[in-house]
Structure formats: structure tokens, C-alpha cells
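Bear in mind that the values here come from a model prediction, so they are computed numbers and not experimental data.
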Amino acid sequence: MMTKNYGAASPTAPSGLSCRKTTAPYTRTSSTDRSDSKSGGICSCNSRINHIDRSGDRVGGICDCHSHCLNAYPAFRFHYGNRLHRRRLPSGQRGDRNTLCGNFFRAIFGHYLILLLPCFLIANCPIKQFHEATYKLGWDIDFSPYAGGEDILFAHRSAERIEGFFIGKTDVCYSKLAGARFWRLSELYLGWLPVNYLATVAQHEIFGHGYRIRDIGRNRAKVRGYSFNTPPPYGEGGAATSYDIGADLTTTEETSIAMAGVESTAILAILTKFKWLEANRIDPRQSVLYLLCQHDLNLYIGSLKILGEDEDGHDIKMYIKSLNYTYTNNFISGARLRSLSWINLGDPFTFYAIYSWFHYFLSGKETRIPMIPVYDWGYLPNVRLGLTPFGPEFFIENYLLKGQKPIYFYLKGGRHSQNRYGGVGFYAPRMWEIAKWIIGCRFDLWRQPKLLLEPGNVLFPDINFSEKPNKNDPLYPYSEQHAMRVGWAGSLIFGYHGRNGFEAELGYKARGFLPGYALRSSPTARLYYTLIF
């Protein structure tokens, strides 16, 4: 087995990814902290590690930390939030561990006083209990981004309600006086920023890279563990996932692991929008969580330009390398992905979330969601870029709302290496209601390249990713690269939605790539406890 580490950090705050050198001949580390060893992994800082260690062995991984990265040297860091590139220090020195915001507060208030501010906040500034929605706590096969995302949102809302229970209600948070606005700003920055950061990193690591590794199976990949650092503004943030891989791992599966972090955060963003649509309000305490998740992919791709074409240690960098080794007709580049990623700004919820944050800070009120009226429905479109194991694809997403019943459907398509692919999907969790019983459904249909899940003519540990793929000697014959398949996934949802209730989703998915699902054919089984609060 060879060992890899994948890590993730938040794109808005610097964090360290520590990719430590290992003695195993093939080791990959995916972590959110970044260290000086030339080891590899996926770090949450949105940086991927794929270095040559000092013994000459190649190691690599994915970093999800979305934070700054110490790829090959102790203090060689990238701060993606402020585009800060720190100087390289001699071997053995750690360098300055503070973020820009952290430096300011530590200098003014001291290292311990800042930890007490949330206590003053809870004691003096009660929060308003905003509009309710249905939150779920549950399980599915291998803990996919869907079940994991619902659990994270349930924990987030529980934290909101616990805070509200202990601090009661006063007028201080709802007035427009300078003191009230200061406390609201403190609540959002000192309280909910680190919570939202941790939620994003957990989704990226545990239910992103971790889920895809669990899905691939222990005979080819196995998670060894996770680690998390203190989130900003109290620390540098970051997280790491360590795992072992076997010789039978394929480049398609490696591509899937590399993109799994941003795949999972995109799903969490969709789940968050469903909560907002059900309440027809945006919870400002979740606005930063949504922004981090919705634009996780943009931030990763954007940081390619900071790292430079010759730098290793990046999720998207390894995605490009493994994709180009799999499909050799046309190679994709970081510049191409950057140009495509601009489409993610075509998301109205992004601007609503930003507005809701400032609206709450200034007035203490939540924000109603403006929608386009279509008969008795509200409608909002959205476009975004997604990644697949066979190339990038575009989504045209559509959200409908009638009462408290949101419906989601999409069209998607892409083209890469002379392959064209696309699909459609529909999700209505509460299509019919009988008293408090609900019935819903989910359906997806696609036409896409056949997933290459069997080893090619070169075993994965023997591939030298530092070299350009040879078009004359590909891992897979061109007939395999261009073989197309049609697949589908469908499930039925039923449950009881009182104040407390339950929900079950049962179905089947055929072999093929669908975000948040197994690569191979698999049953769909999700069980939830539901609570409206």
C-alpha cells in the first residue's frame, strides 16, 4: 500500500498544511496544514501536494484546508484570502504563524483577551430566533456529502438555538445604535465565522475526500484519520485526511478523490439553499458558510495562478495531472479552468448572502429571498461550474418555491478530450403531502464517458506525474477513452414531518459519475430524524 494525505483549509483565512515526509516508499498526505517537508497530499488550504521527498520517492496528496500552504519548506506559505505570499525561511524555522487579522487582534487585545470576547457577546447580545425550517440528522451508505451535509446543518442550527436559549431576548441586537451594531459584528466575526469555517472544512475533508475514499473501497484506498486545527480568527485553521492506497487504484479514481472536496461543498451549498427557501429567509449566521461552500471551487482554481505552473501541492493541480493522464486527446490547463470558473459568479444567492450579512449587522434583521414570480411559484436560476472524472461540466440550476415546498431541477453538459457529456436531474423532497406525511422523489439521467475503474497498462504507483503524458502510449486505448454510457439514478422519499419526525430515501444508482454518489452501481439508502426549528 502507498499512503496519501488529503487536507483542506478555508479559502478565506490562512491555515497551515503540514505534509510530513514519510518513510513509506509511496505516501500521499492530504492535509489542511502545510509544512516544510516535501511530501504530498491534499490540504484544505486548496493546495495539493505532489512532491519528491528527500529520499527521491514521489509522494502526493490533496489539500482542502483552503488556507496558506507550506508545501516544501517550513515557512513557504500562501494566504489565499489576502493573496499573501510569505517569504521562504531557512530549513527548521516555522516562520510567522499569524494571519493578518490575527496579528491585529493579538497586538491590540493580547492572545487571551480575544478568547473572552465571545463570552461577553453571549452575555450581552442575545440573537433573534429566525424563521424555522426542517433540519435533518441521519445516515446513508458510506456517509455521503448529502447525509454529512444535513448533519452539519443540523449541528449548526442546534448551536444557534442553544445560544438563543441561554441568552434570552432583548432589544440590544435589533437596534441601530453603534453599540448594538458592534455586538452583531462581533457575533458574526468572532462566533459564527469559526463555526462556518469548521463546517466547511469538515464537509470538504470527512464527507468529501473521505467519502470518495470510503466509496472506492479498502482494497484500493482506506482512510487512516483526520486532524483539524484551530479556525480563524483564533488560529490558522486547516485540516487533514490521511489514507492508504493500493496498486490497483486508477487515475480515474485518483481524479475523483482530488475533486471530492469541492464536489462535497457544492452539495452543502445546495442543501443550505433548501433551508433558506423553505423559510423564505436567509439566516445571516449561515451566509459565510454558504459563500465558502458555493465558491470553494473558484478559490481553489484561482489559487493555481498564485502557486505557479511549476508548483505542486494543490487539489486542482493533481486533478489536472490525473485527468490528463487518463484522457490524452486534449490536455486541460489551469488557465482553461480559471476562465471557466468565472461562470460561478452567476449565482444570485451569492449576492443575497452578502447582503444578508450586512443587513443583519446594520439592522439585526434577516433577509427575505427575492424571487421571480411565475404564476403561484417563485423562481430563481443559477449557473455554476462542476468537475467530473472526465472533465469540467456546466450546470444550469433552477429553484422553484411554492409555500414551503422547494423544488430543484438542472441541466448539465460539458466537453473534454473529444468527449461530449450531459445530463438532467430533478429533486422534490415534498412533492405531495397528506396531513403530516410527505412523499417526494429524486431522479437523474446522464450520458457520459465510461468510467475507467480498472488499472491501465501502467500501475498507479509507477506513474510519474511530474512528466507530461505520452499521447502515443496512453494508459488506456482511445476506444476506451471515448466509450460512452447512459446511466440513471432514482429514489423515492417518504416521511412524517411534525415538529419531530423522520424521513427515508430509498432507490438505486447505476454505474457512472453523479456528485455525492458511488462511482459503481449502488443502492441508495438514507434515514433521517427530522426537526422543525
(message) Donor-acceptor check, side chain of Ser522 to backbone of Ala518, threshold 3.5 angstrom: yes or no?
(response) no
(request) Quick one: closest heavy-atom pair of Cys293 and Thr265, and the distance? (result) CB-O, 3.2 Å
(request) Describe, in one word, how the ring planes of Phe361 and Phe358 are oriented to each other, choosing from parallel (under 30°), tilted (30 to 60°) and perpendicular (over 60°). (result) perpendicular
(message) Is the shortest side-chain heavy-atom distance between Leu289 and Leu268 below 4.5 Å?
(response) yes
(message) The criterion is ring pair (Phe, Tyr, Trp, His ring centres under 6.0 Å); which residues satisfy it with Phe513, sequence neighbours excluded?
(response) none
(request) Check whether the side chains of Thr134 and Glu278 place a donor and an acceptor atom closer than 3.5 Å, and report yes or no. (result) yes
(request) Drop me the distance from Met259's CE to Ile316's CD1, to the nearest 0.5 angstrom. (result) 9.0 Å
(message) According to ring pair (Phe, Tyr, Trp, His ring centres under 6.0 Å), who are the partners of Tyr290, at least two apart in sequence or on a separate chain?
(response) Trp276
(request) For Asn344 and Leu385, indicate whether the former's side chain and the latter's backbone hold a donor-acceptor pair under 3.5 Å. (result) yes
(message) Taking the basic N atoms (NZ, or NE/NH1/NH2) and the acidic carboxylate oxygens, is any pair closer than 4.0 Å for Arg214 and Asp142?
(response) no
(request) Verify the distance criterion only: is there a donor paired with an acceptor across the side chains of Ser322 and Thr255 at less than 3.5 Å? (result) yes
(message) Checking side-chain polar atoms at under 3.5 Å, does Asn500 have a donor or acceptor matched by the opposite partner on Tyr529?
(response) yes
(message) Does Ile434, at its CD1 atom, have more than 12 non-hydrogen atoms belonging to other residues, nucleotides or ligands within less than 6.0 Å?
(response) no
(request) Examine Arg368 relative to Tyr355 and say whether NZ or CZ is less than 6.0 Å from the centre of the six-membered ring and inside a 45° cone about the ring axis. (result) no
(message) Does Ile245 form a side-chain contact (heavy atoms from CB on, under 4.5 Å) with Phe460? I'd like the steps, not just the answer.
(response) CA-CA 10 Å; Ile245 67 171; Phe460 186 86; 3.7 Å; yes
(request) Name all residues meeting the ring pair (Phe, Tyr, Trp, His ring centres under 6.0 Å) criterion together with Tyr508; count only those two or more places apart in sequence or in a different chain, and write none if there are none. (result) Trp488
(request) Please work out which of the three classes, parallel, tilted or perpendicular, describes the rings of Phe143 and Phe207, given edges at 30° and 60°. (result) tilted
(request) For the pair Tyr234 (side chain) and Leu190 (backbone), establish whether a donor and an acceptor sit closer than 3.5 Å, ignoring hydrogens and angles. (result) yes
(request) Assess the side chains of Glu505 and Ser491: does a donor N or O sit below 3.5 Å from an acceptor N or O? (result) yes
(message) Check whether Arg499 reaches the backbone of Ile532 with its side chain - one donor and one acceptor, N or O, closer than 3.5 Å.
(response) yes
(message) Within the 4.5 Å heavy-atom criterion, are Ile320 and Leu304 side-chain neighbours or not?
(response) yes
(message) I'd like to know if the side chain of Asp296 pairs up with that of His204 as donor and acceptor (distance under 3.5 Å, no hydrogens or angles considered).
(response) yes
(message) Restricting to side-chain contact (heavy atoms from CB on, under 4.5 Å), what partner residues turn up for Asn419, sequence neighbours left out?
(response) Tyr327, Tyr421, Pro449, His482, Met484
(message) Below 30° counts as parallel, above 60° as perpendicular, anything between as tilted: where do the rings of Tyr352 and Phe349 land?
(response) perpendicular
(request) Determine, stepwise, if the pair Tyr300 / Tyr319 fulfils side-chain contact (heavy atoms from CB on, under 4.5 Å). (result) CA-CA 11 Å; Tyr300 261 112; Tyr319 172 82; over 6 Å; no
Donor-acceptor list for residues 151-158 side chains, cut-off 3.5 Å, not counting sequence neighbours:
unit_1	atom_1	unit_2	atom_2	d
Asp151	OD1	Gly138	N	2.8
His156	ND1	Glu160	OE2	3.1
His156	NE2	Asn196	OD1	2.7
Arg157	NE	Glu160	OE1	2.9
Arg157	NH1	Phe533	O	2.8
Arg157	NH2	Tyr135	OH	3.1
Arg157	NH2	Asp283	OD2	3.3
Ser158	OG	Phe154	O	2.8

(request) State, with a plain yes or no, whether a side-chain heavy atom of Lys275 is found less than 4.5 Å away from one of Glu150. (result) yes
(request) Please list, chain by chain and in numerical order, all residues satisfying side-chain contact (heavy atoms from CB on, under 4.5 Å) with Asn382, sequence neighbours excluded. (result) Lys273, Gln294, Asp347, Pro348, Arg384, Glu397, Tyr399
(message) I'd like to check the salt bridge (charged side-chain N to carboxylate O under 4.0 Å, His left out) partners of Lys405; sequence neighbours left out, ordered by chain and number.
(response) none
(request) State which residues pass salt bridge (charged side-chain N to carboxylate O under 4.0 Å, His left out) with Lys509; sequence neighbours excluded, sorted by chain then number. (result) none
(request) Please name all residues satisfying side-chain contact (heavy atoms from CB on, under 4.5 Å) with Arg415, sequence neighbours left out, ordered by chain then number. (result) Arg420
(request) Could you go through the side-chain contact (heavy atoms from CB on, under 4.5 Å) check for Leu492 and Leu506 one step at a time? (result) CA-CA 6 Å; Leu492 182 66; Leu506 301 174; 5.9 Å; no
(request) Could you tell me whether the side chain of Ser256 reaches within less than 4.5 Å of the side chain of Leu519, counting heavy atoms only? (result) yes
(request) Search all heavy atoms of Gly487 against all heavy atoms of Ala510 and return the closest pair with its distance. (result) CA-CB, 4.4 Å
(request) State whether the side chain of Gln203 and the backbone N or O of Ser264 hold a donor-acceptor pair below 3.5 Å, judged by distance alone. (result) yes
(message) So, taking the atom named OG1 in Thr272 and the one named CD1 in Ile267, what distance separates them when rounded to the nearest 0.5 Å?
(response) 11.5 Å
(request) Give a yes or no answer on whether the side chain of Arg442 reaches the backbone of Phe426 with a donor-acceptor pair at less than 3.5 Å. (result) no
(request) Measure across Ala147 and Asp140 and return the closest heavy-atom pair with its distance rounded to 0.1 Å. (result) CB-OD1, 3.3 Å
(request) Taking side-chain contact (heavy atoms from CB on, under 4.5 Å) as the test, write out the residues that go with Ala504, two or more places apart. (result) Phe494, Leu527
(message) In the structure I gave you, are the side-chain heavy atoms of Met371 and Leu401 within less than 4.5 Å of one another anywhere?
(response) yes
(message) Return the NZ to OG1 distance between Lys412 and Thr388, rounded to the nearest 0.5 Å.
(response) 8.0 Å
(request) Please answer whether the main-chain N or O of Pro233 pairs with a side-chain N or O of Tyr197 as donor and acceptor at a distance below 3.5 Å. (result) no
(message) So which atom in Leu277 and which in Pro406 form the shortest heavy-atom distance, rounded to 0.1 Å?
(response) CB-CB, 4.0 Å
(request) Please step through side-chain contact (heavy atoms from CB on, under 4.5 Å) for the pair Leu453 and Arg520, ending with a clear verdict. (result) CA-CA 9 Å; Leu453 302 180; Arg520 295 168 175 81; 3.7 Å; yes
(message) Any donor-acceptor pair under 3.5 Å linking the side-chain atoms of Asp444 with those of Tyr410?
(response) yes
(request) Verify, without hydrogens or angle tests, whether Thr250 (side chain) and Leu452 (backbone) share a donor-acceptor contact under 3.5 angstrom. (result) yes
(request) With sequence neighbours left out, write down each residue that passes salt bridge (charged side-chain N to carboxylate O under 4.0 Å, His left out) with Glu503, or none if nothing qualifies. (result) Lys136
(request) State which residues pass ring pair (Phe, Tyr, Trp, His ring centres under 6.0 Å) with Tyr476; sequence neighbours excluded, sorted by chain then number. (result) none
(request) Kindly compute the distance separating OG (Ser341) from CG (Asn298), expressed to the nearest 0.5 Å. (result) 5.5 Å
(message) When you measure from the side chain of Glu263 to the backbone of Gly516, do you find a donor-acceptor pair of N or O atoms at a distance under 3.5 Å?
(response) yes
(request) Please report the shortest heavy-atom distance between Ile493 and Cys441, naming the atom on each side. (result) CD1-N, 4.1 Å
